[in-house]
Amino acid sequence: MVKKNTCVFISGQGSNLKNLIYRSRDSSFPIKISLIISNNKKAKGIDYAKKYKIPYIYIDTRVREYDNKIFLNLKKYKISFICLAGYMKIVSSKLVNHYKKKIINIHPSLLPKFKGLDTFNRVLKNKEIKTGCTVHFVNEKLDGGNAITKKIFFINDSDDEQILKKKTQNLEYKAFPEAIIKVFRNI
Ligand code: GAR
């Protein structure tokens with residue numbers, strides 16, 4: 001099986017990245033993580049790139065032409081698939097169009113509910129009875145592409161934001177690899 005050269009975009013902790021690195025070591029898993037891009041110089045996720053000797057670059061998205069730098073690197077590493085794993089920046093429409101159906105994102109809610117930021121707080125304020133996570137294709141609308149995989153759990157009265165985050169992320173570690181397998185099964 002020829003694994004797809006994949007770039008993972010991150011901004012922070014990188015726990016989904018870490019999980020994908022583990023999963024992608026399995027010979028039957030469809031992707032190889034060939035590049036990691038972070039728009040945060042201090043992202044903890046960069047430590048995983050170092051630890052597992054995966055090429056990584058920091059992209060300062062405040063600088064004009066930053067998208068060109070992204071494209072150059074995607075080309076350099078022959079990237080054919082992109083995972084947004086806690087990347088807190090909207091990707092350019094040029095990137096979305098170039099990688100149509102080849103960029104996926106993980107979001108900590110049951111989309112289309114609670115797009116954008118501050119998800120857990122809004123879930124609680126809205127007195128939802130259930131929540132979860134969604135892996136979806138990225139299109140030009142924020143958190144708007146077709147869903148690939150969703151995972152759900154029921155909220156307890158005692159759940160606060162931290163607990164919701166933990167429960168959601170535990171499901172994310174199942175949902176993201178599952179979604180990747182699903183995407184390549186359908187090609
Ligand atoms: C994840 O929970 C992901 O769903 C969320 O950021 C977290 C990153 O955690 N993404 C978004 O909110 C995107 N809008 P990680 O860096 O530990 O993987």
Side-chain angles (χ1 to χ4, degrees), residues 6-25 29 31 33 35-52 54 56-59 61 70 81-93 95-96 99 102-126 128 130-153 155 159-183:
T6 297
C7 177
V8 181
F9 283 52
I10 60 165
S11 300
Q13 284 298 308
S15 64
N16 278 285
L17 166 68
K18 180 182 167 201
N19 180 52
L20 291 181
I21 292 172
Y22 285 145
R23 291 300 304 267
S24 63
R25 289 162 133 195
F29 198 67
I31 64 164
I33 300 176
L35 179 65
I36 292 161
I37 287 182
S38 174
N39 67 332
N40 171 9
K41 210 185 261 181
K42 295 187 177 147
K44 193 177 173 297
I46 290 176
D47 292 346
Y48 299 119
K50 293 179 182 159
K51 183 169 176 193
Y52 296 101
I54 299 168
Y56 67 93
I57 47 165
Y58 159 64
I59 301 273
T61 51
I70 291 181
F81 191 66
I82 294 174
C83 295
L84 306 181
Y87 184 62
M88 296 309 195
K89 168 96 192 157
I90 293 172
V91 292
S92 70
S93 44
L95 195 73
V96 171
Y99 283 92
K102 300 280 182 332
I103 309 188
I104 66 173
N105 177 47
I106 188 148
H107 185 77
S109 76
L110 297 173
L111 290 174
K113 283 189 157 187
F114 307 107
K115 297 175 179 181
L117 301 174
D118 200 23
T119 321
F120 306 115
N121 180 25
R122 289 186 290 140
V123 165
L124 288 176
K125 276 201 175 132
N126 216 44
E128 294 293 314
K130 61 184 184 194
T131 188
C133 65
T134 307
V135 183
H136 64 95
F137 288 109
V138 174
N139 66 11
E140 294 201 37
K141 298 202 177 102
L142 176 71
D143 299 324
N146 286 346
I148 305 162
T149 298
K150 283 186 190 184
K151 297 260 177 220
I152 296 172
F153 66 91
I155 300 173
D159 286 354
D160 59 14
E161 275 187 57
Q162 276 314 309
I163 293 174
L164 285 192
K165 183 175 173 183
K166 202 166 182 350
K167 289 182 176 176
T168 303
Q169 290 200 323
N170 282 336
L171 289 182
E172 290 185 343
Y173 306 144
K174 296 193 177 79
F176 219 163
E178 258 180 49
I180 291 169
I181 290 168
K182 218 165 152 183
V183 166

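Both ligands and their constituent atoms are indexed starting at 1 by order of listing.
The residues Arg122 and Glu128 are annotated as not salt-bridged, no charged nitrogen and carboxylate oxygen being separated by less than 4.0 angstrom. Between Lys151 and Glu178, at least one side-chain N (NZ, or NE/NH1/NH2) sits under 4.0 Å from a carboxylate O, which counts as a salt bridge.
His107 ND1, 3.5 Å is the protein heavy atom nearest to atom 14 (N) of ligand 1. Remark: minimum distance from atom 8 (C) of ligand 1 to any protein heavy atom is reached at Gly86 CA, 3.6 Å. Of the protein's non-hydrogen atoms, the one nearest atom 5 (C) of ligand 1 is Pro108 CD, 3.9 Å. Taking atom 13 (C) of ligand 1 as the reference point, the nearest protein heavy-atom neighbour is Met88 SD, 3.8 Å.
Inclusion of Gly14 in the set of residues having an N or O under 3.5 Å from an N or O of ligand 1 is warranted. In terms of polar-atom proximity, Ser15 is counted as a contact of ligand 1, with an N or O under 3.5 Å from an N or O of the ligand. Inclusion of Asn16 in the set of residues having an N or O under 3.5 Å from an N or O of ligand 1 is warranted. For ligand 1, the polar-atom distance check against Glu172 finds a nitrogen or oxygen pair separated by under 3.5 Å.
Side chains of Asn121 and Asp118: a donor on one and an acceptor on the other come within 3.5 Å. With hydrogens and angles left out, the side-chain atoms of Tyr48 and Tyr22 include no donor and acceptor closer than 3.5 Å. The closest side-chain donor-acceptor pair between Asn40 and Ser11, if any, does not fall under 3.5 angstrom.
More than 12 heavy atoms of other residues, nucleotides or ligands shown are found within 6.0 angstrom of NZ on Lys150. Around the OH atom of Tyr56, the shell of radius 6.0 Å holds no more than 12 heavy atoms that belong to other residues, nucleotides or ligands.
Put simply, part of Ile106 is less than 4.0 Å from ligand 1, judged by heavy atoms. Assignment of Lys44 to the shell around ligand 1 is not supported, since no heavy atom sits closer than 4.0 Å.
Residue contacts with ligand 1 for Gln169 involve side-chain atoms from C-beta outward but no N, CA, C or O (heavy atoms, distance under 4.0 Å).
Between Asp160 and Leu124, the closest heavy-atom pair is C-CD1, 3.8 Å.
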